[in-house]
Amino acid sequence: MFHGYRPALGDAPTLVFANSLGTDLRVWERIVARLPDSWGVLRHDKRGHGLSAARATLSIETLTDDVETLLDQYRVGDFAGVGLSVGGLVMQRLALRRPAQMTHLVLSDTAAKIGSPEIWNPRIETVLRDGIAAIGAAILERWFAPAYRQTEDFALWQAMLERTPAAGYAQVCAAIRDADYTADLARIAQPTLVLAGAEDSSTPPALVRAMAAGIAGARFVEIGAAGHLPCVEQPERFTAELLGHLRG
Ligand SMILES: O=C(O)CCC(=O)CC(=O)O
């Protein structure tokens, strides 16, 4: 599995990131660039995305297994988990699997249950039949606020999305469809920051806020002028919230 690891220096914190559907580890580039150099960072391309090969069966649980494998491979100690959308589902699992090791949780533009079979099944069918480009414009409208879609930058993320293998994308869609962690939210004990792009129509702020309400003590912050990927569109604000959460 393709990944990047930078160990923390001394007692500096380590951040473990998990990406969203149709993106790879570069989605965190602008956040990592703003972190202190001493902080540890572990990022990866989930199965069927970026440079990571798909695997025969995939679920949120197997995606979480992959992150645990990397944590153990590098003997990562305490870490903060940062998950975006489907990556947020993975981090919700990891929070419960590694309660002592995960010190803080950051959930961006995610929920305990995202969408329904009525949304995911036609999307899977279309992608497998016609490719991602067939639904690319609709996805990008959900990902970015209108002003951002006029920028030169926008084409970069469109390329990332459209280069995602259709089979890998469809497998992750099915994994999201089959996951519902609503009943487990109350068991999350880490201090949790929940971020939502104010213009996110993939996981709208009301849905994200409802998840936050289920996690004891979670702090909910809405980020203006951002869609589904505030880490791309509003990296300054995203990083400020992240650093504030970790530094208490
Ligand atoms: O981004 C994700 O991980 C899943 C949510 C989604 O459907 C994103 C999109 O609108 O394409």
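For ligands, and for the atoms within them, numbers begin at 1 and follow the listed sequence.
The stretch residues 76-110 participates, sequence neighbours left out, in these ring pair (Phe, Tyr, Trp, His ring centres under 6.0 Å) pairs: His104-His245.
Using a 4.5 Å cut-off on side-chain heavy atoms (C-beta onward), Leu84 and Thr110 make no contact.
Annotation for Leu21 and Trp143: closest pair O-CZ2, 3.3 Å, computed over non-hydrogen atoms. Nearest heavy-atom pair across Val41 and Thr14 is N-CG2, 4.4 Å.
Classified by interplanar angle (parallel below 30°, tilted 30° to 60°, perpendicular above 60°), the ring pair Trp28/Phe17 is tilted.
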Starting from the N and O atoms of ligand 1, collect every protein N/O partner closer than 3.5 Å and put each pair on its own line with the distance to 0.1 Å.
residue, atom, partner, partner atom, Å
ligand 1, 1 (O), Ser85, OG, 3.0
ligand 1, 1 (O), His228, NE2, 2.7
ligand 1, 3 (O), Leu21, N, 2.8
ligand 1, 3 (O), Ser85, OG, 2.9
ligand 1, 3 (O), Val86, N, 3.0
ligand 1, 7 (O), Arg123, NH1, 3.4
ligand 1, 7 (O), Arg123, NH2, 3.0
ligand 1, 10 (O), Arg142, NE, 2.6
ligand 1, 10 (O), Arg142, NH2, 3.3
ligand 1, 10 (O), Ser202, OG, 2.5
ligand 1, 11 (O), Arg123, NH1, 3.1
ligand 1, 11 (O), Arg142, NH2, 3.3

**Message:** Checking Glu61 against Arg97 for the side chain to side chain contact (heavy atoms under 4.5 Å, CB included) test, could you report, in this order, the C-alpha distance in whole Å, the side-chain angles of both residues, the deciding distance, and whether it holds?
**Reply:** CA-CA 10 Å; Glu61 299 300 330; Arg97 289 195 195 182; 2.7 Å; yes
